[in-house]
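Here is the structure we will look at.
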Amino acid sequence: MSNDCYTSPLSERYASKEMQYIFSPEKKFRTWRRLWIALAETEQELGLDITDEQIEEMRAHADDINFEVAKEREKEVRHDVMSHVYAYGVQCPKAKGIIHLGATSCYVGDNTDIILMSEALSLVRKKLINVIAELSDFAEKYKDLPTLAFTHFQPAQPTTVGTRATLWMQDFLMDLEDLDYVLGSLKLLGSKGTTGTQASFLELFDGDQKKVDRLDPMIAEKMGFDACYPVSGQTYSRKVDTRVINVVAGIAASAHKMSNDIRLLQHLKEVEEPFEKNQIGSSAMAYKRNPMRSERIASISRYVMIDALNPAVTSATQWFERTLDDSANKRLSIPEGFLAIDGVLDLCLNVVDGLVVYDKVIAKHLMSELPFMATENIMMDAVKKGGDRQELHERIRRLSMEAGANVKQNGGDNNLLELIAADESFGLTLEELEAAMDPSKYIGCAPAQVERFLREHIDPVLEANREILGLKSEINV
């Protein structure tokens, strides 16, 4: 690796080798050659004078790309597609006259973009489902563990640690639904010609419309797709890129929300992300255990969400049948959006798999606030003993304010139970009040909700995708 020029941290630090390969030059140009072979095969099958020998020669050199020849040629002609047509022809002298026959640059460029985005979405899908699986195990394990809930980051009615994880999971599940829809709807551009009219192919096939109509479906089938977009300009609609990256950005938003919650919980010392034996939290404060992985999830996710603006603006500003102001932007925004979300999901896998729950801290925080949340139950018990509901409501309100002041102004413990026990209006002893402080009485249907959510919504997804489960990730930096 050279240290005297810029390298993207996405490839150097964050994205997996698998995702990097999908957007590598080798993968791109091998796909171009597969498309040229598919075109030649289809044209031969539809009656053009293309020989088996020419196609075999093309197949023989489908993968051994002569990059240097293409690079030198591009310096002369300033056209990447024609440079690779030339380089392929150097290796295939018998076939060079029919390579790219009737096609425009977007035949290889746009079809390859769709193929690569499809493969990248499949990899994202695999990792997303494994994140959901890890969260499912976590939610099941902690479905009964009461914890303070927070609204406005103020203590609220208790929930459970597992229930909170289902909130993260539900967001990811919606992302998976969106991903499956978009992935299932992707089509190839096909071979539409310079403005989408297929005029060059109508000429090649001597005006035979039926043969031209068969061209796109045959190419799509050879490349593993169900269909091509029915109409286009020279390019497929850039709306497609917008839809794809919006899915990626949606996953980023879900990951960001989860990572924020984990960071806040780590501040409270209730839940902690993995922290390795020799890991350093701060260069100055040696005691620190910073949630750096969750912070990185938030940081990269923010980049992905902003990146979604690129294809949206590109789609909106295309002129008529094509302009070229999409190309340079697409070369950056599409691969880097995928490399970034790939890194985010690897971090999510790592963090969720190693989450540490400190149940005693959780219980301490919960018990310090529970008397406030139990006031309605306490009031009902007092009414059963003959108290007046309206009078008791006012008394418990005043005592709650007094206990709150003791905590905030005096730095003392929550003494609400002692204050209530001392008030004869309630007719309750301190022992009776403390007996009512069982956290499980205040979590409502939370455990059952976790069980039902996992059983009805998560388990079917995991069962349908059992063959891709078990993925783990290692974070190197």
Please determine whether side-chain contact (heavy atoms from CB on, under 4.5 Å) holds for the pair Thr42 and Leu46, giving the CA-CA distance in whole Å, both sets of side-chain angles, and the decisive distance to 0.1 Å. CA-CA 6 Å; Thr42 302; Leu46 291 174; 3.9 Å; yes

Test: Arg30 and Glu26 ion pair at under 4.0 Å: yes

Please say whether more than 12 non-hydrogen atoms of neighbouring residues, nucleotides or ligands are located less than 6.0 Å from CG in Asp64. yes

Nearest heavy-atom approach of Pro9 to Tyr6 is CD-OH, 3.3 Å

Are the charged groups of Glu43 and Lys211 less than 4.0 angstrom apart, N to O? no

Could you tell me whether the side chains of Ser473 and Asn350 share a donor-acceptor contact shorter than 3.5 Å? no

Residue pair Leu167 / Asp171, side-chain heavy-atom distance below 4.5 Å: no

Mind listing the closest non-hydrogen atom pair of Gly102 and Ser200 along with its distance? O-OG, 2.8 Å

Show your reasoning for whether side-chain hydrogen bond (donor to acceptor under 3.5 Å, both in side chains) applies to His100 and Trp36. CA-CA 6 Å; His100 198 69; Trp36 280 321; 2.9 Å; yes

Partners of Arg73 by side chain to side chain donor-acceptor pair (under 3.5 Å), sequence neighbours excluded? none

Hey, does Glu68 have a side-chain heavy atom less than 4.5 Å from the side chain of Lys71? yes

Would you mind checking if Glu140 and Lys143 are paired as a salt bridge, meaning a charged N to carboxylate O distance below 4.0 Å? yes

Under 3.5 Å, is there a donor-acceptor pair between the side chain of Glu57 and the main chain of Ala95? yes

Residue Phe320 excluded, over 12 heavy atoms near CZ under 6.0 Å: no

Give the C-alpha distance, both sets of side-chain angles, the deciding distance and a yes or no for side-chain hydrogen bond (donor to acceptor under 3.5 Å, both in side chains) between Gln234 and Thr194. CA-CA 5 Å; Gln234 188 177 115; Thr194 56; 5.4 Å; no

Shortest non-hydrogen contact from Val244 toward Val182: CG2-CG1, 3.9 Å

More than 12 heavy atoms from other groups under 6.0 Å of CD on Glu221: no

Would you call Asp63-Arg33 a salt bridge at under 4.0 Å N-O? no

Listed by chain and number, what are the side chain to side chain donor-acceptor pair (under 3.5 Å) partners of Lys239, not counting sequence neighbours? none

Do the side-chain N and O atoms of Asp52 and Gln44 include a donor-acceptor pair separated by under 3.5 angstrom? yes

Hey, does His256 have a side-chain heavy atom less than 4.5 Å from the side chain of Ile297? no

Asn465 side chain to Val461 main-chain N or O, any donor-acceptor pair under 3.5 Å? yes

Tyr181 vs Leu176 side-chain heavy atoms within contact, under 4.5 Å: no

I'd like to know if Asp241 and Lys330 make a salt bridge, using a cut-off of under 4.0 Å between side-chain N and carboxylate O. yes

For the pair Asn111 (side chain) and Gly190 (backbone), establish whether a donor and an acceptor sit closer than 3.5 Å, ignoring hydrogens and angles. yes

Within a 6.0 Å radius of atom CD on Glu467, are there more than 12 heavy atoms belonging to other residues, nucleotides or ligands? yes

Hey, are the side chains of Lys192 and Phe201 touching, using non-hydrogen atoms and a 4.5 Å cut-off? no

Is any NZ, NE, NH1 or NH2 atom of the basic residue among Asp137 and Lys141 found under 4.0 Å from an Asp or Glu carboxylate oxygen of the other? no

Ser11 side-chain N/O to Ser8 backbone N/O, donor-acceptor pair under 3.5 Å: yes

Minimum-distance pair of heavy atoms, taken over all atoms of Tyr236 and Asp110: N-OD2, 3.0 Å

Contact check, side chains of Val356 and Val271, non-hydrogen atoms, under 4.5 Å: no

Within 6.0 Å of OH in Tyr21, more than 12 heavy atoms from elsewhere: yes

Indicate the ring-plane relationship of His84 and Phe67, choosing parallel, tilted or perpendicular according to the 30° and 60° boundaries. perpendicular

For the residue pair Phe23 and Leu116, establish whether any side-chain heavy-atom pair is separated by less than 4.5 Å. yes

What verdict does the ring-ring contact (aromatic ring centres under 6.0 Å, His included) test give for His61 and Tyr88, after you've listed the backbone C-alpha separation in whole Å, the side-chain angles of each residue and the deciding distance to 0.1 Å? CA-CA 8 Å; His61 295 283; Tyr88 204 7; 7.6 Å; no

If you look at every heavy atom in Gly193 and Thr104, which pair is closest and at what distance? O-CG2, 3.5 Å

Thinking salt bridges, do Asp342 and Lys127 make one under a 4.0 Å N-O criterion? yes

Pair Thr7-Glu12, side-chain donor/acceptor within less than 3.5 Å: yes

Answer yes if the side chains of Asn246 and Arg243 hold a donor-acceptor pair under 3.5 Å, and no otherwise. no

Say you draw a straight line from CG of Leu355 to CD of Gln266; how long is it, rounded to the nearest 0.5 Å? 9.0 Å

Is the backbone N or O of Ala149 less than 3.5 Å from a side-chain atom of Thr159, with the two atoms forming a donor-acceptor pair by type? no

Ring-plane angle category for Phe138 and Tyr142, please: parallel below 30°, perpendicular beyond 60°, tilted otherwise. tilted

Just by modelled atom types, is the Met292 backbone N or O under 3.5 Å from a matching donor or acceptor in the Asn290 side chain? no

For Tyr358, check ring pair (Phe, Tyr, Trp, His ring centres under 6.0 Å) against everything at least two apart and list the hits. none

Hey, is the main chain of Ser191 close enough, under 3.5 Å, to the side chain of Gln198 for a donor-acceptor pair? yes

Partner residues of Thr314 under the side-chain contact (heavy atoms from CB on, under 4.5 Å) criterion, sequence neighbours left out: Arg238, Gln318, Asp326, Asn329

So, Glu270 and His365: side-chain donor and acceptor under 3.5 Å apart, yes or no? yes

Run the salt bridge (charged side-chain N to carboxylate O under 4.0 Å, His left out) test on Asp226 and Lys187 for me, step by step, so that the C-alpha distance in whole Å, both residues' side-chain angles and the decisive distance to 0.1 Å come before the verdict. CA-CA 7 Å; Asp226 294 332; Lys187 300 176 177 65; over 6 Å; no

Considering non-hydrogen atoms only, spot the tightest contact between Ala156 and Leu148 and give its length. O-CD2, 3.8 Å

Lys/Arg-Asp/Glu bridge criterion (N-O < 4.0 Å) met for Arg296, Glu273: no

Output all residues satisfying salt bridge (Lys or Arg N to Asp or Glu O under 4.0 Å) with Glu18, sequence neighbours left out; order by chain, then residue number. none

Assess the residue pair Glu134 and Asn130 against the criterion (side-chain hydrogen bond (donor to acceptor under 3.5 Å, both in side chains)); give the C-alpha distance rounded to whole Å, side-chain angles, the decisive distance to 0.1 Å, and a yes or no. CA-CA 6 Å; Glu134 295 282 6; Asn130 276 273; over 6 Å; no

Test side-chain contact (heavy atoms from CB on, under 4.5 Å) applied to Ser118 - qualifying residues, sequence neighbours left out: Leu183, Leu186, Phe225

Can you find a heavy atom in the side chain of Arg293 that is under 4.5 Å from one in the side chain of Pro274? yes

